[in-house]
Amino acid sequence: MIDQSEELFINRLKEGHESAFRQLVSIYGNRIFRICSQMTSTLPEAEDLTQEVFIAIVESILQFKGQSKISTWIHKIAVSKCLELKRAKVAKKRAGFVVSIFGGKDINQSALEIPDHFSSSAAIENEQLSLIIKAALNKLPENQKMSLILSKMEEYSYKEIAYIMNISIPAVESLIFRAKHNMKKLLADFYKKNK
């Protein structure tokens, strides 16, 4: 259930107040960008997807009924947009594969961008670890990846994740369990080398 200040904020959004939209971006911009950047392969793609999420929020705010917190509703929209992008990429990749079979160029792109330079050895280690973790996350099935991001990075409860992903709480528990297990397997070699 929403409190009075949140209800006032939602009403101002529904009435189209520009200051309410600025407040929306200020409050949720970084969290939405983090989710989008975990689900995409490049910074510009994450920025574009973040903008699409906010456009979708504004376009559908009149449909918000207050049955959950607005933050949960907003993250549900973000997850939906991320999954839409993934489906579009898969379709594009399949089309590219078909083209390559029949003599066209393969349009495979790297899943990760590696920065050109680093400022210190600590930054190099952190960046490399971040790339390794993101690469492992990208190997998870989409539903496992999303549940892990929402749980560990965004710190949502299982109940909130169930609402966002439109699944049951036991399904969330199972996804997160499998995601952790798969991440351990994917990262096992890295941890053996760096003990």
**Study point:** Glu160: partners by salt bridge (Lys or Arg N to Asp or Glu O under 4.0 Å), with sequence neighbours left out
**Key:** Lys69
**Study point:** Minimum heavy-atom distance between Ser151 and Ile176, given as atom pair plus value
**Key:** CB-CD1, 3.6 Å
Exercise for review: Decide salt bridge (Lys or Arg N to Asp or Glu O under 4.0 Å) for Arg12 and Glu15; before the verdict, give the C-alpha distance in whole Å, the side-chain angles of both, and the deciding distance to 0.1 Å.
Suggested key: CA-CA 5 Å; Arg12 292 180 67 240; Glu15 292 166 2; over 6 Å; no
**Study point:** Reported CG-to-CD distance for the pair Leu175 and Glu142, which is rounded to 0.5 angstrom
**Key:** 12.0 Å
Study note, to complete from the structure: Tyr156 and Ser71 have their tightest heavy-atom pair at OH-O, 3.2 Å
Review point. Got more than 12 heavy atoms from elsewhere within 6.0 Å of NZ, Lys14?
Key: yes
Exercise for review: Working to the nearest 0.5 Å, report the span between CD of Gln144 and NE2 of His181.
Suggested key: 9.5 Å
Practice item. Measure the OG-CD distance between Ser37 and Glu45 for me, rounded to the nearest 0.5 Å. Key: 11.0 Å
Review point. What distance do Ser147 atom OG and Glu173 atom CD have between them, rounded to the nearest 0.5 Å?
Key: 11.5 Å
Check your understanding: Of all heavy-atom pairs between Thr40 and Lys134, which one has the smallest distance, and what is that distance?
Key -> O-NZ, 2.9 Å
Revision key, fill the gap. Rounding to 0.5 Å, atoms CZ (Phe9) and OG (Ser19) come to a distance of 9.5 Å
Check your understanding: In Å, rounded to the nearest 0.5 Å, how long is the span from NE2 of His17 to CG of Asn11?
Key -> 9.0 Å
Exercise for review: Keeping the roles fixed (side chain from Lys76, backbone from Tyr163), state whether a donor-acceptor pair exists under 3.5 Å.
Suggested key: yes
Review point. Taking all non-hydrogen atoms of both residues, which atom of Met183 and which atom of Ile133 are closest, and how far apart?
Key: CE-O, 4.0 Å
In a table with atom names and distances, give each donor-acceptor pair under 3.5 Å that connects a side chain of residues 23-33 to protein atoms at least two apart or in another chain.
residue: Arg31; atom: NE; partner: Glu154; partner atom: OE1; Å: 3.1
residue: Arg31; atom: NH2; partner: Glu154; partner atom: O; Å: 3.0

Check your understanding: Should we count CD of Glu18 as having more than 12 external heavy atoms under 6.0 Å?
Key -> no
Exercise for review: Taking the side chain as every heavy atom from C-beta outward, state whether Thr72 and His75 have any atom pair closer than 4.5 Å.
Suggested key: no
Review point. Looking at side-chain heavy atoms only, is the closest gap between Met165 and Leu150 below 4.5 Å?
Key: yes
Review point. Should Ile169 and Met146 be regarded as members of a common hydrophobic cluster, given that ILVMFWY residues are connected when their side-chain heavy atoms come within less than 4.5 Å of each other, either directly or indirectly?
Key: yes
Enumerate donor-acceptor pairs with a distance under 3.5 Å from any side-chain N or O in residues 47-64 to protein atoms, sequence neighbours excluded.
residue: Thr50; atom: OG1; partner: Ala46; partner atom: O; Å: 2.8
residue: Ser60; atom: OG; partner: Ala56; partner atom: O; Å: 2.6

Review point. Below 4.5 Å, heavy atoms only, C-beta onward: do Leu13 and Ile70 meet side chain to side chain?
Key: yes
